[in-house]
Amino acid sequence: MFSRYIYLLAIIFLTLALLPFAQELSWDRNAIHAGEYWRLFSGHLVHTNLNHWLMNMITFVLVFSVFYIRNQHPLHWPGVTAVLILIGGIALLFSSYRNYVGFSGVIHGLIAYWGLNDLRLKRYLTGSLIVVGLSSKLIAEQLFGGSEQITRLIAAPVAIDAHLIFAITGAVLFLVQWLNQANANQQDFD
C-alpha cells in the first residue's frame, strides 16, 4: 500500500529539497540554448518561495488523491508526469517566457490528462466537471490574467501561458495514447 505513495512523496520531498536552488535550476531560455538542457526538466521542480511550493504541492496532493486511486498501473503516473515535464519544457521554448519555475504547469497537464481519461472510462460526471472546470479556468486566465493576490504571494507573475501550454500538452498526450490503444485494440480484432 505504501508503495503507491512513493511517487507522491518523491515529488514532494524532491521539490522541497530543491527550493533553495531556484536560480540555478530554473527553466531559463538562454541557459537552455547555451546547452543546459537539464533545465527543461529541473525548472518544474523548483519554486520561487515556500508559499509557491506549498500552493503547488497542496494542489498536487489533491489531484493525486482524486485520480491516482483509480489508476491501475503504478508506473502510469510517473510516466505521464515525466512526459509532460519534458514535452512541456520544450513547448515553453516557443512561448514568450524567458524564465519559469514551478509545478503548476505540470499540474494543469495532469488535470487535463486524467479528466479526459475519466471521460474515456465513462465517468461522465467527474470527467465533464473536471474538463469544463479546467477549460473555464484557462479561459478566465487568458482573458483576465493571473490573480494579483497570488502574484504577491508567490513573488512572481502567475504563469498563465504555461498553464495553457501544459493543459494542451496533457490533452494531446491523452489523445495520442488513446488513439494508440484504440488502434492496438482494432488490430487485435483483425
Side-chain angles (χ1 to χ4, degrees), residues 7-8 10-61 63-64 77-116 134-177:
Y7 160 76
L8 177 68
I11 295 290
I12 291 171
F13 288 118
L14 178 63
T15 56
L16 180 61
L18 294 176
L19 199 56
F21 305 103
Q23 186 66 33
E24 296 84 357
L25 298 174
S26 68
W27 184 98
D28 180 306
R29 178 186 304 279
N30 292 333
I32 293 166
H33 284 302
E36 296 180 14
Y37 301 117
W38 66 84
R39 289 176 181 266
L40 291 168
F41 189 82
S42 66
H44 308 286
L45 302 176
V46 292
H47 294 81
T48 57
N49 58 30
L50 187 60
N51 291 332
H52 189 205
W53 177 81
L54 281 169
M55 285 178 49
N56 276 292
M57 290 304 105
I58 290 168
T59 306
F60 179 61
V61 167
V63 170
F64 180 88
W77 263 81
V80 169
T81 304
V83 170
L84 278 171
I85 288 173
L86 181 61
I87 294 173
I90 292 169
L92 285 176
L93 290 170
F94 300 98
S95 73
S96 61
Y97 289 121
R98 297 175 65 81
N99 294 289
Y100 172 81
V101 295
F103 206 65
S104 63
V106 176
I107 292 168
H108 282 75
L110 289 169
I111 293 169
Y113 182 93
W114 293 110
L116 290 169
L134 178 62
S135 299
S136 299
K137 178 192 183 289
L138 294 168
I139 290 168
E141 283 184 338
Q142 291 299 310
L143 292 175
F144 306 113
S147 163
E148 290 181 29
Q149 293 86 358
I150 301 294
T151 296
R152 283 193 298 275
L153 188 66
I154 66 173
V158 177
I160 62 172
D161 291 336
H163 295 170
L164 180 62
I165 288 168
F166 275 87
I168 291 169
T169 302
V172 169
L173 178 60
F174 169 79
L175 291 172
V176 167
Q177 180 183 344

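Model, not experiment: these values are computed from the prediction. Keep in mind that the numbers below use all heavy atoms, side chains included, and drop hydrogens, waters and symmetry copies.
How far CG of L50 is from CD1 of I154: 13.0 Å, rounded to the nearest 0.5 Å. Here I32 contributes atom CD1 and S26 contributes atom OG; the two are 8.0 Å apart, rounded to the nearest 0.5 Å. Between K137 atom NZ and L164 atom CG the span is 10.0 Å, to the nearest 0.5 Å. Between atom CZ of residue R39 and atom CG of residue L45 there is a gap of 13.0 Å, rounded to the nearest 0.5 Å. Taken from CD1 in I111 to CG in L116, the straight-line distance is 12.0 Å, to the nearest 0.5 Å. For the atom pair NE2 of H108 and CG of L134, the computed distance is 6.0 Å after rounding to the nearest 0.5 Å.
Closest non-hydrogen pair, L84 versus G109, comes out as CD1-C, 3.6 Å. The heavy-atom pair separating I165 from S95 by the smallest distance is CD1-CB, 3.8 Å. Shortest non-hydrogen contact noted between A167 and A112 is O-CB, 3.3 Å. Here the shortest heavy-atom pairing between V46 and L25 reads CG1-CB, 3.8 Å. Between N99 and D28, the closest heavy-atom pair is OD1-OD2, 2.9 Å.
When atom types are taken as modelled, the side chain of T48 and the backbone of A155 share no donor-acceptor pair closer than 3.5 angstrom. In this structure, R98 contributes its side chain and N30 its backbone to no donor-acceptor pair below 3.5 Å. Although no hydrogens or angles enter the test, the distance criterion places a donor-acceptor pair under 3.5 Å between the side chain of N49 and the main chain of L153.
Ring pair F64/W77 is perpendicular by interplanar angle, where above 60° counts as perpendicular and below 30° as parallel. Using a 30° and 60° split on the angle between ring planes, F174 and Y113 fall in the perpendicular class, above 60°.
Listed by first and then second residue, the ring-ring contact (aromatic ring centres under 6.0 Å, His included) pairs that reach into residues 20-46 are H44-Y100, H44-F166, sequence neighbours excluded.
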Side chains of residues 10-18: which donor-acceptor pairs under 3.5 Å do they make with residues two or more places apart or in other chains?
residue : atom : partner : partner atom : Å
T15     : OG1  : I11     : O            : 2.8
T15     : OG1  : I12     : O            : 2.9
T15     : OG1  : W53     : NE1          : 2.8

Next item on the list: Please step through side chain to side chain contact (heavy atoms under 4.5 Å, CB included) for the pair S96 and R29, ending with a clear verdict.
Entry: CA-CA 10 Å; S96 61; R29 178 186 304 279; 5.7 Å; no
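Looking at residues two or more places apart in sequence or on another chain, you find no salt bridge (Lys or Arg N to Asp or Glu O under 4.0 Å) involving E24.
The shortest side-chain heavy-atom distance between H47 and S104 does not fall under the 4.5 Å cut-off. In this structure, the side chains of E141 and L138 come closer than 4.5 Å at one or more pairs of heavy atoms. Looking at I85 and F103, their side chains come closer than 4.5 Å, going by heavy atoms from C-beta outward. Annotation: side chain of F60 is not in contact with side chain of V106 (no heavy-atom distance under 4.5 Å).
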